[in-house]
Every structure is written in structure tokens, then in C-alpha cells.
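Only one structure is covered here, and it is reproduced in the block below.
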Amino acid sequence: MNDIRAIRGMSDILPEETPYWRFLEQTVSSVLTAYGYSEIRLPILEKTALFNRSIGEVTDIVEKEMYSFEDRNGDSLTLRPEGTAGCVRAAIQHGLLSTPRRLWYAGPMFRHERPQKGRQRQFHQIGVEAFGVATPDIDAEVILLSARLWRAMGLEPQVQLQLNSIGSIEARKAYKAALTSYLLQRETDLDEDSQRRLHSNPLRILDSKNTATQALLDDAPSLQDYLDEGSADDFARLCDLLDAAGVEYVVNRRLVRGLDYYNKTVFEWVTDQLGAQGTICAGGRYDGLVEQLGGKATPAVGFAMGMERLALLLAEQWAEKSSAAIHEQPAVYAISVGDAAYKAALLALEELRNKYPGVQMVLHAGGGSFKSQMKKADKSGAELALIWGEDEVASGSVSVKPLRNATAQGQQSVPLAELDSILTTALGV
RNA sequence: GUGGCCGUAGCUCAUCAGGUAGAGCACCGGAUUGUGGCUCCGGAGGUGGGGGGUUCGAGACCCCUCGGCCACCCCA
């Protein structure tokens, strides 16, 4: 095996997978446009301090997962581990926040984790951020919008919306203290990971997968009881709006976020089809972040979805479809033998591409016998083979041979001038 | 970062008390003169992930390392 390989966790997206990706990107783009969101394109590299200040100093992402290094000027830079921080930075820097602003972006993110299903070191997210609206109607909008995405992707039956409010910063602080004090008395009953979290990020214990720990939490103080009035009211309003819009959801009082900047509404779209990495989309409100990063205080809500995970779901969903429906195949495959014939084919295909923009027409390259070229034509999946040889050149014609359609008539010789109309009917274009 | 399983041709796999590797698919060529899909014949393709050790001899045993998958962790 060659030792020049892709870096661990940074996988190539191969030609057979790219149709899923393109479908996802096109669907997202059109749905977001329909809701009035504008695309913003952001650098992959940012100053390390941006992420330290936004994601939270004590999160695993910042502590042990970021790709950080010094550039030639000695500045500490980091490959972005998520998109929100950079988006907020750009919005502040370019004065985009003087009025409510709806933005989205897409691209690769980097975290040094152990790769597994649905988790790569270079992974891709599409993020959606709505700035400048403090009321829960905008929370409902981004959730509605995400629900529409799954519908448009045909993934609606496989996903479920989980919802919670983690309250204001102050309310969460008070709750965190209460929870910590409750759990400290039972520290030895906690699993090892949760004991560690108790001192770093106690709220993460709430979504522990350890059943004993979960049982211990049954009698723990509930986040719900610590919500400030504003958060509780907003959450009720959000639920009301979702009910009115017919969006189904499950309130999960133990749903929390891994990043520090969230407050109030948090939500996750989850699936049970992807093993351990079942969250395909997650987000929430982050009213303090803009100010924290040096902008004018601006409320905000947003979410990000994981493209790899969505692509996995789509691939499963489409598994029964024929490969022809998924993969682009040529309409025509042109072959020729002899120099004059090749030139005739070349010119004819250029003409045809002028006439039918976007229709895939492959001109055989690399020479070979008629037989070997016909094999290539067949393998390509093309509907028609166009054949040029000495006879065709001499008579100014081309042989058109249907390769798929059993009901079509056989090969026919067509004057070049009539090729247009033959193709129009044969291909239905 | 931790753990389990795994690593033989492009792909899916086989072989074997340890005696320097095979199949199917894919690829290339041929089976009458300019023509595919089926069939038949032939060909090419592997330093058995890499390195070390045990042995007369290792793909097969041991160690290390790299990589893959899944889970923990983390999180989209």
C-alpha cells in the first residue's frame, strides 16, 4: 500500500457519493433562500482566540480537539472547529448587525477526534444564523425551516425534534450550582466520565449515556425549576408556535449543549439510523455571543447540520433507487475510427453541446477498435452511441445506435444535418 | 484520549501443522471484415499495511507501528 494517503479522519468524497452532497447543498440553498437567508462565505482559518472566547475555554473542543498552529508571523491560528464563531466575527467586522440579519454558510470544519461512523476530523456543516431578534418567533422560524429541509430531502420519517430551554446565563449558573451540590454528595456513584464532568462541565452529565448515572438524575434538581420567568415564557411561546405550525417535538429536559455560548432555546434533530452519532442538526439561542466577541449586544439563534450524517441517511434512503437515477450518465457517447472520422465527431459534438447545453455527451478518447469503443459506450450507460467511420465521413452522415431502449428501432444512418432532430426525439430534450 | 474487532490483487474474499499466494467481479486483449450487453479463451495486476522478532523457512506465531470499522468520549 502506498504511504501517501489521506490524513486520518479526512476522507475523500468520491464520485459515487457526490450526487448526495450536491442534492443536499441544492436543497438547503433553495429552502434557505425561500426563508430570506443570505449566504456568507467565511475563512477556514481564524485566530485561535476567537474560538477560545466563544466556544468556551474548558470545552473538549478547545482543550484537545482544535487544529491550532503558529503561522509565519508567530500568530496562533486555528482551523475552525465550528462555524458560528467565524460568522459572528464577520458580521461584527462588516457591520452586518445594524438590522436583523439572516445568514447561512457551508463548509469544512476540523476537530481532532477519533473517527467513527458519522464523525470525521474534517467534516462539513451547513450553518444557519439569525441575528437581531430576541423573541421566540425567530426560534420557531429556524426550527420550521429545518423541518422543511428534512421534508424536502425525504428524511422526515427518520428524524425527531428534541427541544429544551437552558434558561438565562444567571438561571443556568444557579442550576449548575444546585446540580453540582446534589451530585457531589453522590460522587462515588457516578460513572468515571461524569465524575470528571462534575468539575469541568456539570450540565453535560445530564445527557450521559450511563444508565446508572441517568437513574441518579431522576431525583436531581430539574433544570425546568430553575428557569427564569423570561426563559420559561419564551419556551412556552415557542412550543405554542410549533404546535400551531404542526411541527412535532419532544421536550427533553436533559438536553444541553456542548458549547458555552448557548442560552434559552436549545434543540436537536436526532435519528436512530446512524448508531452513536445520531444528531444530524443542532442549535439554539446565543444571545450573549455577539457582545462577548466585541459587538453590540445582539440576540441570535442558529443551528448547524452535519453533512456527512445527512449524506449517510440519504444514501440509505436512496439505496433502493436505481443507480441510473442517482448517478449522472451521458445521453450520448461518440466513437470514431480514423483521423478524419475523429475530427468529424469532435466538431459534431461541439455543435451538439452548443445546441443542448447541460446534456452530457462524451466523446471517446484514447482510440482503440470499434469493438473496444463500443464497449466503452455501453459501460458509460449512455442512451445513444454515435458512430463515425470511413463510410460516415464519405457520406457526411453519422450512425446513431440506441443502446438501452429495447423498443427503439435499431441503428440508423443519419445525415449530419438531421442529427439535431433525431436527438431531440430520441432523448426527449 | 480509551476499548473491542480487523488489515491478502482496484473491489469482495479464499488458501495455510508455518514451506515464498488463488477465485469471483472489475480491467485489457481475442473468438470473421467497422459495433456493446450473454458466452468462451487468454492477459495484466499483490515486496500479503509497514517495521522488527521467533524459525532452516512466516501472509500465516510474537512485539511495535500505521490504517480501517464500531463503541466510549466528544459533538453536527
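Convention: sequence-line order gives letters A, B, ...; per-chain numbering from 1.
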Which nucleotide in the list B/C74, B/C75, B/G34 gets nearest to the side chain of A/D391?
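Per side-chain heavy atoms of A/D391, the pick is B/G34.
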I need the residues from [range] with at least one non-hydrogen atom less than 4.0 Å from RNA chain B; give them sorted by number, or say none.
{"range": "residues 79-90 of chain A", "value": "none"}
{"range": "residues 27-45 of chain A", "value": "none"}
{"range": "residues 189-196 of chain A", "value": "A/D193, A/R196"}

Using atom [atom1] of each nucleotide, how far apart are [N] and [M] to the nearest Å?
{"N": "B/C62", "M": "B/G24", "atom1": "C1'", "answer": "34 Å"}
{"N": "B/G46", "M": "B/U8", "atom1": "C1'", "answer": "8 Å"}
{"N": "B/G48", "M": "B/G59", "atom1": "P", "answer": "7 Å"}
{"N": "B/C13", "M": "B/A21", "atom1": "C1'", "answer": "13 Å"}
{"N": "B/G30", "M": "B/A23", "atom1": "C1'", "answer": "22 Å"}
{"N": "B/C70", "M": "B/C28", "atom1": "C1'", "answer": "39 Å"}

Check whether NZ of the Lys or CZ of the Arg A/R257 lies under 6.0 Å from the centre of the six-membered ring of A/Y262 and within 45 degrees of that ring's axis.
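Judged by the rule (NZ or CZ under 6.0 Å from the ring centre, within 45° of its axis), A/R257 counts as positioned above A/Y262.
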Quick one: does NZ or CZ of A/R186 land under 6.0 Å from the six-membered ring centre of A/Y182, within 45 degrees of the ring axis?
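Geometry flag: set, cation within 6.0 Å and 45°.
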Taking the six-membered ring for Trp, are A/H364 and A/Y333 parallel (under 30°), tilted (30 to 60°) or perpendicular (over 60°)?
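A/H364 vs A/Y333 ring planes: tilted.
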A/H112 and A/Y67 aromatic ring geometry - parallel, tilted or perpendicular at 30°/60° bounds
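Tilted, since the angle between the ring planes falls between 30° and 60°.
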Can you give me the N/O atom pairs linking the protein to nucleotides 65-69 of chain B at distances under 3.5 Å, or say none if there are none?
| residue | atom | partner | partner atom | Å |
| --- | --- | --- | --- | --- |
| B/G67 | O2' | A/R5 | NH2 | 3.1 |
| B/G68 | OP2 | A/R8 | NE | 2.5 |

Distance, rounded to the nearest Å, where A/E268 contributes CD and B/C74 contributes P:
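For the pair A/E268 CD and B/C74 P, the rounded distance is 13 Å.
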Take the protein atom CD of A/E308 and the nucleotide atom P of B/C70, then report the distance between them rounded to whole Å.
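Value for this atom pair: 13 Å.
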Exactly one of A/D139, A/N263, A/T265 should register a side chain to side chain donor-acceptor pair (under 3.5 Å) with A/R285. Which one does?
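When A/D139, A/N263, A/T265 are each tested with A/R285, the side chain to side chain donor-acceptor pair (under 3.5 Å) holds only for A/D139.
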Under 3.5 Å, is there any donor-acceptor pair linking the side chain of [X] to the base of [N]?
{"X": "A/Q411", "N": "B/U35", "answer": "yes"}
{"X": "A/E392", "N": "B/G34", "answer": "yes"}
{"X": "A/R119", "N": "B/C70", "answer": "no"}

Using a cut-off of 4.0 Å on non-hydrogen atoms, how would the nucleic acid contact of [X] be classed: base, sugar-phosphate, or nothing?
{"X": "A/I61", "result": "sugar-phosphate"}
{"X": "A/Q277", "result": "base"}
{"X": "A/A282", "result": "sugar-phosphate"}
{"X": "A/G118", "result": "base"}

Contacts of A/S369 that satisfy side-chain hydrogen bond (donor to acceptor under 3.5 Å, both in side chains) - sequence neighbours left out:
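Scan of A/S369 (side-chain hydrogen bond (donor to acceptor under 3.5 Å, both in side chains), adjacent residues dropped) gives A/S372.
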Please check: side-chain N/O of [X] versus main-chain N/O of [Y], any donor-acceptor pairing under 3.5 Å?
{"X": "A/T279", "Y": "A/C281", "answer": "no"}
{"X": "A/Q292", "Y": "A/R53", "answer": "yes"}
{"X": "A/T27", "Y": "A/M153", "answer": "no"}
{"X": "A/D287", "Y": "A/A300", "answer": "yes"}

Would A/L259 and A/I61 satisfy side-chain contact (heavy atoms from CB on, under 4.5 Å), going step by step from the backbone distance to the final call?
CA-CA 9 Å; A/L259 282 53; A/I61 293 180; 3.8 Å; yes
I want to know whether A/W318 and A/F23 have ring centres closer than 6.0 Å.
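Centroid distance A/W318-A/F23: below 6.0 Å, so yes.
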Return the nucleotide paired to [N]: Watson-Crick means purine N1 to pyrimidine N3 with N6-O4 or O6-N4, wobble means G-U with N1-O2 and O6-N3, both under 3.5 Å.
{"N": "B/G45", "result": "none"}
{"N": "B/C69", "result": "B/G4"}
{"N": "B/U33", "result": "none"}
{"N": "B/U55", "result": "none"}
{"N": "B/C11", "result": "B/G24"}
{"N": "B/A60", "result": "none"}

Could you state the interatomic distance from [atom1] ([X]) to [atom2] ([Y]), rounded to the nearest 0.5 Å?
{"X": "A/L255", "Y": "A/I166", "atom1": "CG", "atom2": "CD1", "result": "8.5 Å"}
{"X": "A/S38", "Y": "A/R101", "atom1": "OG", "atom2": "CZ", "result": "6.5 Å"}
{"X": "A/N252", "Y": "A/L163", "atom1": "CG", "atom2": "CG", "result": "9.5 Å"}

Let me see the working for A/R353 and A/E351 under salt bridge (Lys or Arg N to Asp or Glu O under 4.0 Å), right down to the final yes or no.
CA-CA 5 Å; A/R353 293 192 187 102; A/E351 284 297 315; over 6 Å; no
Whether over 12 other heavy atoms sit under 6.0 Å from A/I7 CD1
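No, because the 6.0 Å sphere around CD1 of A/I7 holds 12 heavy atoms or fewer from other groups.
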On the nucleotide B/G30, are OP1 or OP2 found under 4.0 Å from the side-chain N or O atoms that A/K371 carries?
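No.
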With side chains defined as the heavy atoms from C-beta onward, is the minimum distance between A/L223 and A/R254 less than 4.5 Å?
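With C-beta onward as the side chain, the pair stays apart.
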5'-most by nearest nucleotide on RNA chain B - A/A276 or A/I387:
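Upstream on the strand: A/I387.
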Give me, pair by pair, the N or O atoms of the protein and of nucleotides 37-41 of chain B that are less than 3.5 Å apart, along with how far apart they are.
| residue | atom | partner | partner atom | Å |
| --- | --- | --- | --- | --- |
| B/G37 | O4' | A/D378 | OD2 | 3.3 |

